[in-house]
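So that the names make sense, note that chain A is the first sequence line, chain B the second, and so on, each numbered from 1.
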Amino acid sequence: MISKDQVLHIANIAKLRITDEELEPFMEKFDQIIEFVDRIREVDTEDVEPLYQVNEDNELLEYNETNQMISRQEALQNTQEQKYGYFKILKVVE
Amino acid sequence: MTYKTIIGLEIHVELSTKHKIFCNCPNEFGAEANTLVCPTCLGLPGSMPILNKEVLEYAIKAGIAFNGKISNLIKMDRKHYFYSDLPKGYQVSQAEVPFCDGGYLEIELESETKKINLERIHIEEDTGKQIHSEEEETLLDFNRSGVPLIEIVTKPEMNSAEEAKLFLDKLRATLKYIEVSNVKMEEGSLRCDVNINVVDSETGKKSIIAEIKNLNSFRAVVKAIEFEEKRHIDLLEADKNTEKETRRWDEAKGETILMRKKAGASDYRFVVEGAIPPVRISDEWIEEIKTTLPELPQDKKTRFMDSFGLSSYDAGVLTQSKDLSEFFEETLKYIDDSKLVSNWIMGDVLRRLNDDEIEIQESKLSPKALADLLLLVRDDKINNNTGKKVLKEIFDTGNSPEKIVKEKGLIQISDEGELKKIVEEVLNNNEQSIIDFKNGKDRALGFLVGQVMKASRGKANPQLVNKMLLEMMEER
Ligand SMILES: [Zn+2]
């Protein structure tokens, strides 16, 4: 069983807010998902080379000629706040 | 009690490719904010990354130069974390399979050559840049977002601030040699984090590793390590070990400050980057890249030792910088005396460069000027001390040695007739020294030579003065 703390930790690093009422049902669903995905462990992969994608092919590695650059104005058009050509946000303190 | 310091470095190097890693935006430093951007490097939904071939070439060059094993598989992963300079919510990096495994660099200690092994080198994308203003706001510039980086992770095999500094010097020199990065710490194209702890040599007890960030110069790296060494020893002695933590170097305060407890690797939720197909690299391509590499510092060092008869230490210093090594070889074209040239560069030339905090090519000294100066010294036209003064003058004015010597009347007096009067006068004024010398006090001779040099305003040939003093005292 997944613990409350684990769910809260994952919610925290995923920047999701979970209310107290949501927590219990979430834990149940979480467990179901993990159980489902865990079934993949039953497959015997001994001596099988990992395949990361079906179309592995270095021919895809060609020079990228598509220049999609956009203007600063376009770049900033969806931001709520900007200043001196920068995106402006609340001060981030480390 | 004795403690041993254990240091590992994580170095981020921006590659100086023409374009960014996953898009065609120019990779340039110093442009106006948010003018080198596109949907891909802004992390806009629906944009597609394409891996830039040039990035692989540059990275593989570095991997070969650092003696690592280049992987035949290039595969990218997503590293998830939320931060304002990372628009996608993940950084494309390499977690599981780095493009380069292992490797090493050698550093020159006083008594030995020490090999510092690398854990790995991987490729990743740089994030945007944040500027924190005074007015409680942060400004974001995404020109840097998607600039290619390699992260070099060393094994924890350095044991002092000095060794870390030597390692960084060597690393920077090598990257400069192979021309894959501008390696300027002040522009952020070379960034270094330090992992450090200490171990009690007697009990084997260790302090918990701290990661130090925000180191903006090699000097800051050295100072932060020295600060941390002491902090860790104090913690061990007070038996107050902490958790694994990340700390920030505060240049103004000269100390490190706790930032946060370190996130565990699983918190980054690494997954395969599905938008970038893995690339298979052939051994032929790796070999092809190898042939484009220039002579590396290590090989040049061996060659300098073999063909110029230099010591390991001298050859190491002279090949540290590509420019310095080329200056040395260029000088030898005009004067065939490697030992003399090496001595002068290792001594007065490097001292002056250090004092001025400049590189050789930024100074007013040219290989031809140094060679001309050393010819004057070797042919006894000027003495050693005058040579040093002329060198200083070249650094100050850029004038040729001949001009300086002529204008200041520094040509050495090697004519006995010309010196005779001065020597006689010195002897007349220092009869006690003559008596002392005859009574076996050798120091008196040195004093008399000094007096003659002074009277000749440094121009007398010291060997000749020595000989004349002996002869003329004999006659008295
Ligand atoms: Zn772009």
Exercise for review: Output yes when Glu81(A) and Lys83(A) qualify as a salt bridge under the 4.0 Å nitrogen-oxygen rule, no when they do not.
Suggested key: no
Among residues 33-47 of chain B, those lying within the under-4.5 Å heavy-atom range of chain A are Ala33(B), Asn34(B), Thr35(B), Leu36(B), Val37(B), Cys38(B), Pro39(B), Thr40(B), Leu42(B)
Quick test of your reading of the model: are Lys79(B) and Glu124(B) salt-bridged, counting only N-O distances below 4.0 Å? no
Turns out that what part of Phe142(B) lies under 4.5 Å from chain A's heavy atoms comes down to side chain
* **N-O pairing of Glu14(B) and Lys129(B) below 4.0 Å** => no
Q.
Taking the side chain as everything from C-beta on, heavy atoms only, tell me whether Thr246(B) gets closer than 4.5 Å to Asp193(B).
A. no
Bottom line for Val97(B): the part with an atom under 4.5 Å from chain A's heavy atoms is side chain
Q: Step through the shown structure and confirm whether more than 12 heavy atoms of other residues, nucleotides or ligands are within 6.0 Å of CZ on Phe82(B).
A: yes
Answer whether the closest heavy-atom distance between the side chains of Ile281(B) and Leu73(B) falls below 4.5 Å.
no
If one checks every heavy atom of Glu32(B) against chain A at 4.5 Å, the contacting part turns out to be both
Chain B shares the most heavy-atom pairs under 4.5 Å, among Asn78(A), Ile70(A), Ile13(A), with Ile13(A)
Non-hydrogen side-chain atoms of Thr256(B) and Trp249(B) separated by less than 4.5 Å: yes
Whatever's closer than 4.5 Å to a heavy atom in chain A on Glu273(B) counts as neither
Exercise for review: Give a yes or no on whether a salt bridge exists between Glu211(B) and Lys244(B), defined as a side-chain N under 4.0 angstrom from a carboxylate O.
Suggested key: no
